[in-house]
Amino acid sequence: MRENVVWYFVPSCNPDGYEHSRNEYRMWRKTRSGPRSGSWGRQCYGVDPNRNWNYMWGGEGTSTDPCSDIYHGEKAFSEPETLSMSNYISKNSNSIKAYFSFHAYGQYFLYPWGYASGAHHPDEAAMHSLAVNAHDALRAQYGTTYDIGPSGTLLYPAAGGSDDWAKSIGTKYAYTVEGRDTGRYGFILPASQIEPSGIETYEAMKVVGKQIADEF
């Protein structure tokens, strides 16, 4: 994986939100900017960072209410987290051939478009083919199965997502991967599943790495 492909890893794209989830509220998902005046006169914090990217921003599956978990922000890239990541990706866009955003949960390999149900990209066949091959390698480890398809159609519309934005600037392969499980534990996945989840995902990413090395 390392010989012919350069890998960029961002362990947490929302460090303030992650810290808040560890110390204050376990299920927190947004950033920590604010407060802003929201519904019922409440003062609420944060923006959903995966609805804050500048492609079809503010569309389906987002909210204008700062108290909503899917609040899209006052404008695209309003958050330093999304702005800094987008700047870095844009700076290196000529060399970045694949983009993966890892989430929980549901066991999905999702690709653009996600901004609307029924929206299809001309590269959909290529994205689907690579996802199938990666999934085959993942499934071979423990038998875990994922559903594969365009996120806005297979799952639900969510405009302003990072994978849609990455695809919009020319990244050949762009995905959101929703990891284990399918709902029994949901976001509170047992620690015993962390290692096998990582092992099977690593096998999938080796397939991606080989595809990138062979194609580019």
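For the atom pair CZ (Arg32) and OG (Ser21), the distance works out to 10.5 Å, reported to the nearest 0.5 Å. Expressed to the nearest 0.5 Å, how far CG of Asn94 lies from CD1 of Ile96 amounts to 9.5 Å. Remark: Ser39 OG to Asp65 CG distance equals 3.5 Å, nearest 0.5 Å. Note that the CD1 atom of Ile148 and the CG atom of Leu130 stand 10.0 Å from one another [nearest 0.5 Å]. Once rounded to the nearest 0.5 Å, the distance linking OG of Ser12 with OH of Tyr18 reads 7.5 Å. Atom OG1 of Thr62 sits about 4.0 Å away from atom NE2 of His72, to the nearest 0.5 Å.
Side-chain contact, Thr144 with Gln107: no donor N or O sits under 3.5 Å from an acceptor N or O. Gln193 and Tyr142 share no donor-acceptor pair across their side chains, judged by distance under 3.5 Å alone. Counting only N and O atoms by type, the side chains of Asp163 and Ser101 include no donor and acceptor under 3.5 Å apart. Tyr111 and His128 are linked by a side-chain donor-acceptor pair at a separation below 3.5 angstrom, with hydrogens and angles left out of the test. Side chain to side chain, Tyr45 and Ser33 fail the donor-acceptor criterion of an N or O pair below 3.5 Å.
Linking ILVMFWY side-chain heavy atoms closer than 4.5 Å, directly or via other members, places Ile194 and Tyr185 in two distinct hydrophobic clusters. No continuous path of hydrophobic side-chain contacts links Ile199 to Val207 [ILVMFWY only; heavy atoms under 4.5 Å]. Both Met56 and Ile169 sit in one connected hydrophobic cluster of ILVMFWY residues. Membership requires side-chain heavy atoms under 4.5 Å apart, directly or through other members. Placement of Met85 and Tyr55 within a single hydrophobic cluster is found when ILVMFWY residues are connected by side-chain heavy-atom separations under 4.5 Å, directly or transitively. Under the 4.5 Å side-chain heavy-atom criterion for grouping Ile, Leu, Val, Met, Phe, Trp and Tyr, Tyr108 is not connected to Tyr202 through any hydrophobic cluster.
Closest of all the heavy-atom pairs between Trp53 and Ser162 is CE2-CB, 3.4 Å. Minimum heavy-atom separation, Glu81 to Pro15: CG-CD, 4.2 Å. The shortest non-hydrogen separation linking Ser192 to Pro196 is O-CD, 3.4 Å. Listed here is the closest heavy atom pair of Ile212 and Ala98: CD1-CB, 4.0 Å. Scanning all heavy atoms of the two residues, the minimum distance from Phe109 to Ala204 falls at CZ-CB, 4.2 Å. In this structure, Ser151 and Leu110 approach most closely via the heavy-atom pair CB-CB, 3.6 Å.
Contact of the Arg36 side chain with the Gln43 side chain is not registered, since no non-hydrogen atoms from C-beta on lie closer than 4.5 Å. Side-chain contact check for Phe102 versus Thr201: some heavy-atom pair is nearer than 4.5 Å. In this structure the side chain of Tyr115 never reaches within 4.5 angstrom of the side chain of Pro157, judged on heavy atoms. Annotation: side chain of Glu24 is not in contact with side chain of Glu19 (no heavy-atom distance under 4.5 Å). Between Thr176 and Glu178 there is a side-chain heavy-atom pair separated by less than 4.5 Å. When side chains are defined from C-beta on, Arg26 counts as touching Ile188, because their heavy atoms get closer than 4.5 Å. Annotation: side chain of Arg51 is not in contact with side chain of Trp57 (no heavy-atom distance under 4.5 Å). The shortest distance between side-chain heavy atoms of Met127 and Pro112 falls below 4.5 Å.
In terms of modelled atom types and a separation under 3.5 Å, the side chain of Thr31 and the main chain of Val47 share a donor-acceptor contact. Looking at His135, its side chain does come within 3.5 Å of a backbone N or O of Tyr146 through a donor-acceptor pair. Distance alone, capped at 3.5 Å, places no donor-acceptor pair between the Thr171 side chain and the Lys167 backbone. Judged by distance alone, with hydrogens and angles left aside, the side-chain atoms of Asp164 form no donor-acceptor pair with the main-chain N or O of Gly160 at under 3.5 Å. When atom types are taken as modelled, the side chain of Lys30 and the backbone of Pro66 share a donor-acceptor pair closer than 3.5 angstrom. The main-chain N or O of Asn87 is never found under 3.5 Å from a side-chain atom of Ser90 such that the two would form a donor-acceptor pair. Side-chain atoms of Asp123 do not come within 3.5 Å of backbone N or O of Ala126 as any donor-acceptor pair. Side chain of Thr153 to backbone of Gly118: a donor-acceptor contact under 3.5 angstrom is found. For Ser84 (side chain) and Pro80 (main-chain N/O), a donor-acceptor pair under 3.5 Å exists by modelled atom type.
Here Tyr105 and Phe187 bring their ring centres to under 6.0 angstrom of each other. Aromatic pair Trp113/His120: ring centres not closer than 6.0 Å. Taking the six-membered ring for Trp and the full ring otherwise, Phe100 and Tyr175 have centroids separated by under 6.0 Å.
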Q.
side-chain contact (heavy atoms from CB on, under 4.5 Å), that's the test. Do Phe77 and Trp165 meet it? Break it down for me.
A. CA-CA 11 Å; Phe77 297 141; Trp165 177 84; 3.7 Å; yes

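A salt bridge between Arg180 and Glu200 is present, with a side-chain N of the basic residue lying under 4.0 Å from a carboxylate O of the acidic one. For the pair Asp181 and Arg184, the salt-bridge criterion is not met [side-chain N within less than 4.0 Å of a carboxylate O].
Just one of Lys210, Lys97, Lys172 meets the salt bridge (Lys or Arg N to Asp or Glu O under 4.0 Å) condition when paired with Glu215; it is Lys172. Paired with Thr82 under the rule side chain to side chain contact (heavy atoms under 4.5 Å, CB included), one option of Asn54, Asp48, Asn52 passes, and it is Asn52.
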